[in-house]
Amino acid sequence: MNENLFASFITPMILGLPLATLIVMFPSLLFPTSNRLVNNRLISLQQWTLQLVSKQMMGIHNAKGQTWTLMLMSLILFIGSTNLLGLLPHSFTPTTQLSMNLGMAIPLWAGTVITGFRNKTKASLAHFLPQGTPTPLIPMLVIIETISLFIQPIALAVRLTANITAGHLLIHLIGGATLALMNISTTMALITFIILVLLTILEFAVAMIQAYVFTLLVSLYMHDNT
């Protein structure tokens, strides 16, 4: 079967209508809420994980920064669940689309920058010119710092896209090699299958780590501006 290597990254369509919106909304159904006094194991594990991550991530923030807790926890849940669902066979991973990742990174980055200029105007402007800079280097450093500031959301989106896409491509390639080797050498097919299993386990870890890294960097940007 000659399947396009990038076929899994194409947005699925039904009757000419893209399903990206429904796919993006689906992970929210995986996190049930309960009004009971005693929760079940799944909800208890979910709440314990959120509390652990929120304490570790938001402990460095002041009162203004901690107002972002709900949004950042929702962000890490969304990215993590989307990445994990993308590991299912014949599924679509929205976080492999650079446009979607930029759509998440740019508003969050812009919110942190605007918050910084609103609450700490002098400190935010001081980042463009380090203290003790020689006078001839001032224009160059201001340009470099401005470029580095605007690269931050691009780096967020590209990092997430590249890591998730690379993992999917490796799984696709090794899976295809395993099928091809089954008719040639059973031993080599078994070895590649073991590699495929190990790589899949690694991708589960990468899916969660990338969600954590994306949210942590947004949190650090917020910490620098509050």
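Cluster membership for L156 and I154, using ILVMFWY side-chain heavy atoms within less than 4.5 angstrom, is not shared. One hydrophobic cluster, built from ILVMFWY side chains closer than 4.5 Å, holds both V213 and I76. L202 and L85 fall into different hydrophobic clusters, where Ile, Leu, Val, Met, Phe, Trp and Tyr residues are linked whenever their side-chain heavy atoms come under 4.5 Å apart, directly or through other members. I209 and I171 fall into different hydrophobic clusters, where Ile, Leu, Val, Met, Phe, Trp and Tyr are joined by side-chain heavy atoms under 4.5 Å apart, directly or via other members. Under the 4.5 Å side-chain contact rule for hydrophobic residues, M73 and M104 share a cluster.
Counting heavy atoms from C-beta on, the side chains of M222 and L72 never come closer than 4.5 Å. Looking at heavy atoms from C-beta onward, Y221 lies out of side-chain contact with L108 at the 4.5 angstrom threshold.
Rounding to the nearest 0.5 Å gives a distance of 4.5 Å between CD1 of I79 and CZ of F214. Atom CD of residue E203 and atom CG of residue L87 lie 6.5 Å apart, to the nearest 0.5 angstrom. Between the CG atom of L77 and the OG1 atom of T82 there is a distance of 10.0 Å, given to the nearest 0.5 Å. Atom NE2 of H223 sits about 13.0 Å away from atom OG1 of T112, to the nearest 0.5 Å. Remark: T146 OG1 to I151 CD1 distance equals 11.0 Å, nearest 0.5 Å. Atoms CG and OG1, from L220 and T215 in turn, are 11.0 Å apart once rounded to the nearest 0.5 Å.
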Output side-chain donor-acceptor pairs under 3.5 Å for residues 179-194, partner residues at least two apart or in another chain, one line each.
unit_1, atom_1, unit_2, atom_2, d
S185, OG, M188, N, 3.4
T192, OG1, T178, OG1, 3.2
T192, OG1, M188, O, 3.0
T192, OG1, A189, O, 2.8

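The neighbour count for L52 CG, taken as heavy atoms of other residues, nucleotides or ligands under 6.0 Å away, is above 12.
S81 places a side-chain N or O within donor-acceptor distance of the main-chain N or O of F78, the cut-off being under 3.5 Å. A donor-acceptor contact shorter than 3.5 Å links the side chain of W109 to the backbone of L149.
The side chain to side chain contact (heavy atoms under 4.5 Å, CB included) test with T200 is passed by exactly one of L198, V197, L196: L196.
What you find for L84 and A207 is that their closest heavy atoms are CD2-CB, 3.9 Å. Scanning all heavy atoms of the two residues, the minimum distance from A105 to P153 falls at CB-O, 3.5 Å.
With sequence neighbours excluded, the residues satisfying side-chain hydrogen bond (donor to acceptor under 3.5 Å, both in side chains) with T95 are N83. Scanning for side-chain hydrogen bond (donor to acceptor under 3.5 Å, both in side chains) contacts around T161 gives N101, with sequence neighbours left out.
With hydrogens and angles left out, the side-chain atoms of H168 and T93 include a donor and acceptor closer than 3.5 Å.
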